[in-house]
Asker: 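Here it is, the structure in full.
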Amino acid sequence: MIDTGETEKKRTVLELIYIIALAMSTMGETGAYSSEVTRAIKAIGVIIVIMGAVALFISGNFERVKTASRFTGIYAFMLVCIIAWSVFLWIINLESIDFILRGVAKFMYQFLVLLIIFSGVYLFGERAIYTTFYGIALGNTIIMAMNLATFGPVESLNSVIMMITGGGEQTGFVRAMEIHDVTFTFGFFIIYFLFFARHNKERVACLLISVFYFLLGWKRIAMAALPAALFLGIILGRMKPKTRKGFMKFVMWMIVIGSFGYIVITNVGIFEQITDYLGLDTMGRNEVYNYIKQYYSISIGFVGYGFEYTTVLLQKIAAANPEAHIGVSAIHNNILTVYIELGFVGFWAWIVYTLVFQLNWMINHWGEKTAMLFFMCEIYIFMTYTTDNTLYYFYTSLVLRLMPMAYAFHKPTEQDIRYWPWVKERKIT
């Protein structure tokens, strides 16, 4: 640890344990296991939590605990509210116990995420971003080696070439490397290494690895979302502080309003008309949207059904009503999913808290650059909510929440990248 009197050797050992534990936990993302086994493998992250608890007991760096706890509390508050509201909805809707246990179990992993990032930031401060990157990158490398052994080097290379020259067609090796949860995390790392990490050789190497795995994973929505976030980052860098703060708040409010508008146009069929007109392949999403709209309404009186309702509903429909042509177990639209599960008021509370409140909190308590990192990461991942289920992905959530939390410990140096000449660093006490 940085400020606890630990020797360099002990610090290196802690980093290695963290990296190996995180890499081992990603092994469940190979697609070769059932969802139950995958969740069990993710639980290896408990090793990091135990390591953090032991270090806290021995060193007792309560100043670092104070900072990490404030972030963890802000993140945890919304999770607690969602589960509390869901319990109320489960009771009034008389949901079955297996449905309730499924929702609670999934939320427990979100709280495990918070414990892991708390432990990582307590142990390493801003360096936790690098150690987390190394852990996830190591896991991705092991999975890649396994897939290379399965498909063979020549066939794997041909698969990559076909993807590049064939308009993104994914078969064989490339298809196996579409590691959904892990791939999305590299977008966050690209943002950090481009704009926020100290300018050194390690940062350049990590950036190149991030770009490689991000492209190899070939998530189309991520490849559209990341350039948008980077473009906004460049724009922010040319603004004066007051303008910058106001611009970030304005963008967040526009996303809040636009997200509700997205739900409305999906419900009334305008989204389907647009995709049909443009000739876009929604991969069955329009069929799902058309079928699911009978279960919700655009009304302040719509209260929702509780967490995980849409997943269970689609599974039941697919089994009981094949004519519905529901071939997926999730809506692939987190914005609509949240609305259906939390209701009108719950949706507005979630989105305003996530985007507007947290941004203001970052600005007021941790300075412009921490807020900018939060802003760019949220822009990137929120765009993926429109067509994917990234909201509660384990590693995506972990890295998203880790970024501003760890960067709050950043101490300005001459190696800082000067993309934003007018940004004032928060003074570290």
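What you see is a predicted model, and the numbers here were worked out from it, not measured in a lab.
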Asker: When the aromatic ring centroids of Y192 and F133 are compared, is their separation below 6.0 Å?
Answerer: no

Asker: Return yes if a side-chain donor-acceptor contact under 3.5 Å exists between T390 and T384, otherwise no.
Answerer: yes

Asker: Rounded at 0.5 Å granularity, tell me how far CZ in R238 sits from CZ in R244.
Answerer: 10.0 Å

Asker: Please tell me if the side chains of Y75 and V113 come closer than 4.5 Å, counting only heavy atoms from C-beta onward.
Answerer: no

Asker: Is there a side chain to side chain contact (heavy atoms under 4.5 Å, CB included) between L373 and F195 once you walk through the steps?
Answerer: CA-CA 9 Å; L373 178 55; F195 293 111; over 6 Å; no

Asker: Got a second to check how far S159's OG is from I164's CD1, nearest 0.5 Å?
Answerer: 10.0 Å

Asker: Quick check for you: to the nearest 0.5 Å, what is the distance between M405 atom CE and R70 atom CZ?
Answerer: 12.0 Å

Asker: Ring centroids only, cut at 6.0 angstrom: are F344 and F260 within range, meaning strictly under it?
Answerer: yes

Asker: Can you find a heavy atom in the side chain of M163 that is under 4.5 Å from one in the side chain of R175?
Answerer: no

Asker: Hey, does M376 have a side-chain heavy atom less than 4.5 Å from the side chain of F196?
Answerer: yes

Asker: With a 6.0 Å cut-off on the ring centroids, do F247 and F250 count as close?
Answerer: no

Asker: Decide whether N286 and T275 meet the rule of one side-chain donor and one side-chain acceptor closer than 3.5 Å.
Answerer: yes

Asker: Does any part of the side chain of L215, heavy atoms only, come nearer than 4.5 Å to the side chain of M223, both counted from C-beta?
Answerer: yes

Asker: Kindly compute the distance separating CG (D388) from OH (Y393), expressed to the nearest 0.5 Å.
Answerer: 4.5 Å

Asker: I want to know whether F71 and F374 have ring centres closer than 6.0 Å.
Answerer: no

Asker: Tell me if a side-chain donor or acceptor on Y109 pairs with a main-chain N or O of R39 at a distance below 3.5 Å.
Answerer: yes

Asker: Do the side chains of Y213 and M144 get nearer than 4.5 Å, heavy atoms only?
Answerer: yes

Asker: Less than 4.5 Å apart, side chain to side chain, heavy atoms only: is that true for M239 and K245?
Answerer: no

Asker: Can the ring centres of W85 and F88 be said to be less than 6.0 Å apart?
Answerer: yes

Asker: Mind telling me whether Y380 and F188 have parallel, tilted or perpendicular rings, with 30° and 60° as the class edges?
Answerer: perpendicular

Asker: When the ring centroid of Y353 is compared with that of F77, is the distance short of 6.0 Å?
Answerer: yes

Asker: Classify the ring geometry of F111 against F107: parallel below 30°, tilted from 30° to 60°, perpendicular beyond 60°.
Answerer: tilted

Asker: Give the intermediate values and the outcome of side-chain hydrogen bond (donor to acceptor under 3.5 Å, both in side chains) for residues Y18 and T132.
Answerer: CA-CA 8 Å; Y18 182 100; T132 301; 2.7 Å; yes

Asker: Is the ring pair Y339/Y296 parallel, tilted or perpendicular, if the boundaries are 30 and 60 degrees?
Answerer: perpendicular

Asker: Looking only at the side chains, is there a donor atom on one of S86 and E341 sitting less than 3.5 Å from an acceptor on the other?
Answerer: no

Asker: Would you give the length of the straight line joining atom OG of S210 to atom CD1 of I191, rounded to the nearest 0.5 angstrom?
Answerer: 11.0 Å

Asker: Does the side chain of R198 reach to within under 4.5 Å of the side chain of K411, using non-hydrogen atoms?
Answerer: yes

Asker: Flag the pair N333 / Y262 as yes when at least one side-chain heavy-atom distance between them is below 4.5 Å, and no otherwise.
Answerer: yes

Asker: Rounded to the nearest 0.5 Å, what separates atom CD1 in I292 from atom CD1 in I331?
Answerer: 4.5 Å

Asker: Going by the angle between their ring planes, with limits at 30° and 60°, are F302 and Y305 parallel, tilted or perpendicular?
Answerer: perpendicular

Asker: Against Y130, only a single residue in F193, F124, F189 fulfils ring-ring contact (aromatic ring centres under 6.0 Å, His included); can you say which?
Answerer: F193

